[in-house]
**Q** 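Pasting a structure below so you can have a look.
We're numbering straight along the sequence, starting at 1. Just so it is clear, the values below take in all heavy atoms, side chains as well, and ignore hydrogens, waters and symmetry mates.
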Amino acid sequence: MANVPDESAAVLSELARRIGEVEQRVLALEKTPSAFPEASAPSRQESEVPEPSPANSPTGIISILGRAVLGIALAYLFRAAFESAILPGPLLVSAAILYAALWLMMSKRLRPSDAFARAVYALTAALIFSPLVWETTARFHILTTTTAAGALAAFMIFGLGLSFRFDLRAAPIILALFVAPTAVLLVIDTGAVVPFVISILAVGLTVELGACFSNWPNLRPIVAAAADFVVWLMSYLLARPEGPPSGYLPADKLRLVSLPVALFVVYGASTAYRTLVRGLPITVFEFVQFPVSVALAVTGVAAATFDTTLPTLGAVTVALAAACYVTAFTRFRQDAQRRNSYVFSTYAAAFAVVGIWMLFSAAAQTAFFCLAAIITMLFGTAKKNPTLRYHATVYLLGAFLSGGFFPLLARAFVGANPGAITPIIWFAILTALVCYLTAWKLDGRLRQDHLVAFLAISLAASALASAAVILLVGLVARSRAPDAGALAVIRTALICASAFVFGALYARFKRIELVWAAYGALACGTVKIMVEDLRLERKEWLAVSLFLYGLLLVFLPRVLRGVSKRT
């Protein structure tokens with residue numbers, strides 16, 4: 001018995017040793033990675049796969065449509081309450097608007113994957129809100145036009161806020177497609193134009209602020225189209241000298257001037273911010289909307305002030321053209337911004353033409369167009385910028401138009417009385433020759449450069465031919481009055497001479513635009529003989545014209561073929 005304590009102590013020590021071994025093995029197993037990770041725990045990728053939404057199933061879609069129908073049914077109860085007048089009208093309208101807003105707020109509680117349900121809820125809100133505002137304003141006369149316009153803007157902006165916060169992509173477009181037509185209908189039904197113009201401009205301002213940070217790109221054209229239409233409608237209806245039509249409320253001059261300007265400020269500022277500050281390429285929408293807003297602002301202000309502000313508008317437009325030129329050639333120098341440079345320079349040319357037309361008289365217009373043509377051609381050639389050379393042709397055409405050249409050309413080659421050439425036309429001819437000689441210095445590798453040169457030399461040659469017709473008719477008239485046959489022969493002779501001179505110049509200098517000019521003159525001579533000479537009563541004059549034309553047909557191809565053989 002004395003050995004019992006010793007045996008117990010040995011058993012306890014052995015048990016402690018084995019427990020220690022088990023603990024070490026457990027620790028070792030915990031440190032070793034599992035050989036079957038897939039079986040031990042589901043992967044993170046598998047755990048993140050979203051479960052299919054029940055709203056996207058056929059039964060879920062039917063359920064969503066059923067809820068929308070129930071919502072519209074409740075909206076009809078509000079309409080019945082309006083008709084029965086069981087409660088004060090403003091209270092019912094407020095409750096109905098809150099009810100429509102509730103449907104928008106319900107859409108934000110859905111998951112982003114439930115796009116159909118979100119769109120249906122937004123559509124339900126629009127179907128409740130838009131008829132509500134229209135009927136309570138135009139039919140029940142519960143809302144004033146100012147209150148209705150404010151409600152339309154507030155509801156639309158509320159929807160935009162929810163869309164921005166909870167990524168409701170369909171809601172803004174659906175709301176805009178209902179709110180904008182509702183505003184136009186209320187303008188027609190109530191005759192109050194100004195409140196709804198302000199309402200649509202407020203929505204447009206909100207949308208453009210979001211667009212500055214790349215939000216709602218598809219919404220911008222819808223709201224801009226509505227804003228353009230209501231601003232144009234306001235200027236057309238309310239800025240008449242005799243006053244607005246019957247049924248439309250008049251507006252003061254301040255609003256008729258400020259609202260078109262506000263349209264330009266909204267869309268001009270957003271375009272400038274996106275292109276100049278953020279460096280984004282200009283979109284097709286901005287390319288169209290910016291000049292439209294400028295046109296609506298200029299015409300709106302001019303109509304509201306009965307054209308008394310045309311010089312001021314012209315000066316502003318010319319200043320805008322200068323700003324566009326500076327922006328195009330100083331801010332957009334990188335290849336990635338080439339489209340912005342082309343667009344802004346095109347704006348500059350268009351604004352310059354319109355501004356000069358509004359600012360000066362006809363003679364001064366021609367002088368400034370000539371000056372602009374020479375400057376842009378010289379800079380375009382020196383800087384190797386084809387855009388400026390194209391603009392030079394635009395200004396050159398403007399100079400000949402404002403100088404009255406084309407009516408003069410028609411009288412010289414078609415009319416019975418050739419008229420007289422004015423000094424301002426000579427200035428335009430000199431400008432065309434300067435532009436052509438400047439374009440002559442180009443290497444001619446670009447076909448567009450030859451087109452610029454062709455336009456310049458064609459205008460100069462046409463004007464010189466017209467001056468020659470006037471001079472020859474004047475010389476003939478000293479001895480006797482020229483009849484129609486003599487006048488026709490003079491014209492045919494000058495056209496044939498012009499074609500031959502162009503061919504000879506091509507033989508000497510080998511400029512392709514001279515060939516185009518020669519064949520152009522030949523085509524003009526063909527049309528002239530068919531239209532004028534064949535109708536002459538005295539056939540001896542027709543014989544002379546045909547003789548001259550035949551000589552041209554014989555010798556002009558020989559001259560051109562001789563050049564091609566030598567080259």
Side-chain angles (χ1 to χ4, degrees), residues 42 44-81 91-134 136 148 150-182 199 202-220 222-223:
R44 181 178 179 183
Q45 185 176 4
E46 291 179 355
S47 63
E48 291 180 354
V49 174
E51 297 181 359
S53 174
N56 295 326
S57 63
T59 57
I61 291 174
I62 294 174
S63 176
I64 291 168
L65 294 176
R67 295 174 192 172
V69 172
L70 291 175
I72 294 175
L74 183 56
Y76 272 99
L77 291 180
F78 280 104
R79 188 181 184 281
L91 180 62
L92 286 174
V93 172
S94 300
I97 292 176
L98 290 176
Y99 174 65
L102 179 63
W103 277 92
L104 275 181
M105 297 183 67
M106 288 169 59
S107 64
K108 76 179 181 62
R109 300 180 60 185
L110 300 172
R111 293 182 296 182
S113 59
D114 298 334
F116 177 76
R118 286 183 162 193
V120 169
Y121 282 13
L123 179 61
T124 304
L127 288 172
I128 295 171
F129 176 75
S130 292
L132 165 72
V133 174
W134 178 80
T136 55
L152 289 173
F155 194 78
M156 185 68 198
I157 294 172
F158 174 69
L160 291 174
L162 290 179
S163 170
F164 178 78
R165 177 64 178 82
F166 300 101
D167 195 22
L168 304 178
R169 299 181 181 181
I173 296 177
I174 293 173
L175 292 179
L177 290 175
F178 279 84
V179 168
T182 302
S199 174
V203 174
L205 175 61
T206 306
V207 172
E208 291 305 308
L209 286 174
C212 290
F213 303 97
S214 303
N215 294 308
W216 311 309
N218 297 326
L219 183 62
R220 300 176 72 195
I222 301 173
V223 178

**Q** Ignoring hydrogens, what is the shortest heavy-atom contact between Phe164 and Asn215? Give both atom names and the distance.
**A**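 So the minimum-distance heavy-atom pair works out to CE1-ND2, 3.4 Å.
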
**Q** Output the distance between atom CG (Asp114) and atom CD1 (Ile61), rounded to the nearest 0.5 Å.
**A**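 These two atoms lie 10.5 Å from each other.
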
**Q** Ignoring hydrogens, what is the shortest heavy-atom contact between Ala117 and Ile64? Give both atom names and the distance.
**A**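 Heavy-atom minimum between the residues: CB-CD1, 3.3 Å.
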
**Q** Taking C-beta and beyond as the side chain, do Val93 and Ile97 meet within less than 4.5 Å on heavy atoms?
**A**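 When only atoms from C-beta onward are counted, Ile97 and Val93 do touch, with a gap below 4.5 Å.
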
**Q** For residues Ile222 and Ala176, report the shortest heavy-atom separation together with the two atoms involved.
**A**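 Shortest heavy-atom contact: CG2-CB, 4.0 Å.
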
**Q** For the residue pair Trp216 and Ile173, establish whether any side-chain heavy-atom pair is separated by less than 4.5 Å.
**A**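 They are not in contact (no side-chain heavy atoms under 4.5 Å apart), so the answer is no.
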
**Q** Taking all heavy atoms of Gly204 and all of Val223, pick out the closest pair and write down the distance.
**A**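 Looking at all heavy atoms of both residues, the closest pair is CA-CG1, 3.5 Å.
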
**Q** As an exercise, state the distance from CG of Leu219 to CD1 of Ile174, rounded to the nearest 0.5 Å.
**A**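 The distance works out to 11.5 Å.
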
**Q** Between Arg118 and Leu110, is there a donor-acceptor pair closer than 3.5 Å when you use the side chain of the first and the backbone of the second?
**A**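 The answer is yes, because a donor-acceptor pair under 3.5 Å joins these two groups.
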
**Q** For atom OH of Tyr99, decide whether the heavy atoms of other residues, nucleotides or ligands shown that lie under 6.0 angstrom number more than 12.
**A**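 Yes.
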
**Q** Report yes if some heavy atom in the side chain of Leu123 is under 4.5 Å from a heavy atom in the side chain of Trp103; otherwise report no.
**A**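 Side-chain contact under 4.5 Å: no.
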
**Q** Can you tell me how far apart OH (Tyr121) and CZ (Phe116) are? Round to the nearest 0.5 Å.
**A**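 That separation rounds to 10.5 Å.
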
**Q** Is it true that a side-chain atom of Ser130 and a backbone atom of Leu127 form a donor plus acceptor pair closer than 3.5 Å?
**A**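 Pair absent, no side-chain N/O of Ser130 close to backbone of Leu127.
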
**Q** If you measure from CG on Leu74 to CD1 on Ile128, what distance do you get to the nearest 0.5 Å?
**A**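 Separation between the atoms: 7.5 Å.
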
**Q** Can you tell me how far the CZ atom of Arg67 sits from the OG1 atom of Thr124, to the nearest 0.5 Å?
**A**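 OG1 of Thr124 is found 11.0 Å from CZ of Arg67.
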
**Q** Enumerate donor-acceptor pairs with a distance under 3.5 Å from any side-chain N or O in residues 153-162 to protein atoms, sequence neighbours excluded.
**A**
none

**Q** What is the distance from atom OG1 of Thr182 to atom CG of Leu175, rounded to the nearest 0.5 Å?
**A**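 Rounded to the nearest 0.5 Å, the OG1-CG separation comes to 10.5 Å.
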
**Q** Got a sec: does the CZ of Arg79 have more than 12 other heavy atoms crowding it under 6.0 Å?
**A**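 Counting other residues, nucleotides and ligands, CZ of Arg79 exceeds 12 neighbours.
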
